[in-house]
There are 2 protein chains.
Amino acid sequence: MSEIKKDNTEEKILNAAQAVFIQKGMDGSRMQEIADHAGINKALVHYYFRTKQKLYEAIFRKVFKQIFPKIETFILSDQPIEEKLTIFIENYIDVLLKNPYLPTFILKEINRDPEFLASVLKSQGIHPNQIFEMFEREMEDGKIRKMDPRELLVNLLSLSIFPFAAKPLMQLMLFENDKKAYKQFLQNRKTTVQEFVLNSILLKDK
Amino acid sequence: MSEIKKDNTEEKILNAAQAVFIQKGMDGSRMQEIADHAGINKALVHYYFRTKQKLYEAIFRKVFKQIFPKIETFILSDQPIEEKLTIFIENYIDVLLKNPYLPTFILKEINRDPEFLASVLKSQGIHPNQIFEMFEREMEDGKIRKMDPRELLVNLLSLSIFPFAAKPLMQLMLFENDKKAYKQFLQNRKTTVQEFVLNSILLKDK
DNA sequence: ATATGATTTAACCAATTGGTTAAAAATAGA
DNA sequence: TCTATTTTTAACCAATTGGTTAAATCATAT
């Protein structure tokens, strides 16, 4: 039964590596710590993934996928723009509520090695163009205010992601380090961000 | 002239340390690299700052100050809210244009050691309350839409900071890695963010 | 000038760390 | 059961790295 056992340890390593890398980043993580976290010998980690770099890359790809929720469905639907944005924001914030360390990890590591990021983006097939075209259609239909669609996307991402990335700072500055209060705040943003954006871009039909 | 020489090397070390730490973070930086960058012997770095941790803390405090522009002036002025927000956003984006690595560094390190952040915040005397009170006054005067003032501050920070923190990703996804184009994009945001926010929160007087 | 104290350097050290290796243990096939 | 293969481990290694030390250089004051 080599298959089952193999999958099992490989998975244990991946889980442990994700936990450690996400918290401490590539530089701050130790192979020994990953092994300990997986409850195995350090040499086993090398046996399965050869080098720290290779293991890290596997984790980065795995984690990176999670931060791009199924955007396609939200663009291709023929719901009104209000609904689309609602879905986008809620989807995003929900993903981050479940994986609050994702933004920090991604931001940290895209700066550490941007070239590697490029290869991941390429292999992942990210097409923001679809989103831009959708935005532009809505603008031409007079549904939303005219603006650079890239601005709109960046604004949506900023408003959704930043509060997670800056969590320790915001929690401390705005909520006296009350963890629950800040989590509730993030929850609420599913609606407040939506309102904030819609109020800004929606054109009332005359 | 021991004083002059001392100040000189100490400053050289601080500058070198800032450059290195900001790019590579605490874990990714090497004392040797800092010494090389300053053009001195590694032992000198220890002679002036004893440990890496102490040097890092000095840099963190120094850098942290820069990311909090003189907020006081912008709150205490009696200009209309439109002007205040304009000043806030322009001020912020200008600071970041000059120090584009700041956001990444801060976000990285506040997650690495949140307790240290707490001590820095305390010693720095950050009072978001002043800002909140100003926002609340504007709401009660019917100038801007009523909302949780913390939401508004977080939104402003998100929109201003995130595009810098996520620069490699955004530059790659939205501008085919065209550095100048992205810089221009960030420049433009001094006005587009302002419009975006004002459109959202400003109440037209009837 | 030279004694004194501060600054700077080269050489060194101990601990950490990514990675290897050889042998042991587990597994599967005959 | 016996053999071959895969999985796991303990021990080890070389390189890196933060930090120390003792000697050298420099500046200053007497």
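Here is how names work: the chains are called A, B, and so on, in the same order as the sequence lines, proteins then strands, and each is numbered from 1.
- Remark: the A:E133 side chain and the A:N129 side chain contain no N/O donor-acceptor pair separated by less than 3.5 Å.
- For the pairing with A:L85, the side chain to side chain contact (heavy atoms under 4.5 Å, CB included) check across A:I201, A:I144, A:V193 returns one residue only, A:I201.
- Scanning for ring-ring contact (aromatic ring centres under 6.0 Å, His included) contacts around B:F21 gives B:Y56, with sequence neighbours left out.
- Summarising the geometry, the separation between CG on A:L55 and P on C:dT17 is reported as 16 Å, rounded to the nearest angstrom.
- With sequence neighbours left out, the ring-ring contact (aromatic ring centres under 6.0 Å, His included) criterion links B:F175 to B:Y182, B:F185.
- In this structure, A:E33 places its CD atom 13 Å from C1' of C:dT16, rounding to the nearest Å.
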- Could you go through the salt bridge (charged side-chain N to carboxylate O under 4.0 Å, His left out) check for B:E109 and B:R112 one step at a time? CA-CA 5 Å; B:E109 304 301 321; B:R112 202 185 58 86; 2.7 Å; yes
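- Rounding to whole angstrom units, CG of residue B:N8 and C1' of C:dA6 are separated by 15 Å.
- Atom pair B:I40:CD1 and C:dT8:C1' shows a separation of 9 Å (rounding to whole Å applied).
- The shortest heavy-atom contact between B:K24 and B:S29 is CB-OG, 3.6 Å.
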Nucleotide N/O to protein N/O under 3.5 Å, stretch nucleotides 18-20 of chain C:
from   : atom 1 : to    : atom 2 : distance (Å)
C:dG18 : OP1    : A:S29 : O      : 3.4
C:dG18 : OP1    : A:R30 : NH1    : 3.2
C:dG18 : OP1    : A:K52 : NZ     : 3.2
C:dG18 : OP2    : A:M31 : N      : 3.1
C:dG18 : N7     : A:K42 : NZ     : 3.0
C:dG19 : OP2    : A:H46 : NE2    : 3.3
C:dG19 : OP2    : A:K52 : N      : 2.7
C:dG19 : N7     : A:K42 : NZ     : 2.9
C:dG19 : O6     : A:K42 : NZ     : 2.6

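- For the pair B:E10 CD and C:dT8 C1', the computed distance is 15 Å after rounding to whole Å.
- For B:Y101, there are no ring-ring contact (aromatic ring centres under 6.0 Å, His included) partners, not counting sequence neighbours.
- To the nearest angstrom, C1' of D:dT7 lies 5 Å from OH of A:Y47.
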Indicate every side-chain donor-acceptor pair of residues 152-159 of chain A with a distance under 3.5 Å to a residue at least two apart or in another chain.
from   : atom 1 : to     : atom 2 : distance (Å)
A:N155 : OD1    : B:R189 : NH1    : 2.9
A:N155 : OD1    : B:R189 : NH2    : 2.8
A:N155 : ND2    : A:E151 : O      : 3.4
A:S158 : OG     : A:V154 : O      : 2.7

Under 3.5 Å between N/O atoms: give me all the protein pairs with nucleotides 22-25 of chain C, atom names plus distance.
none

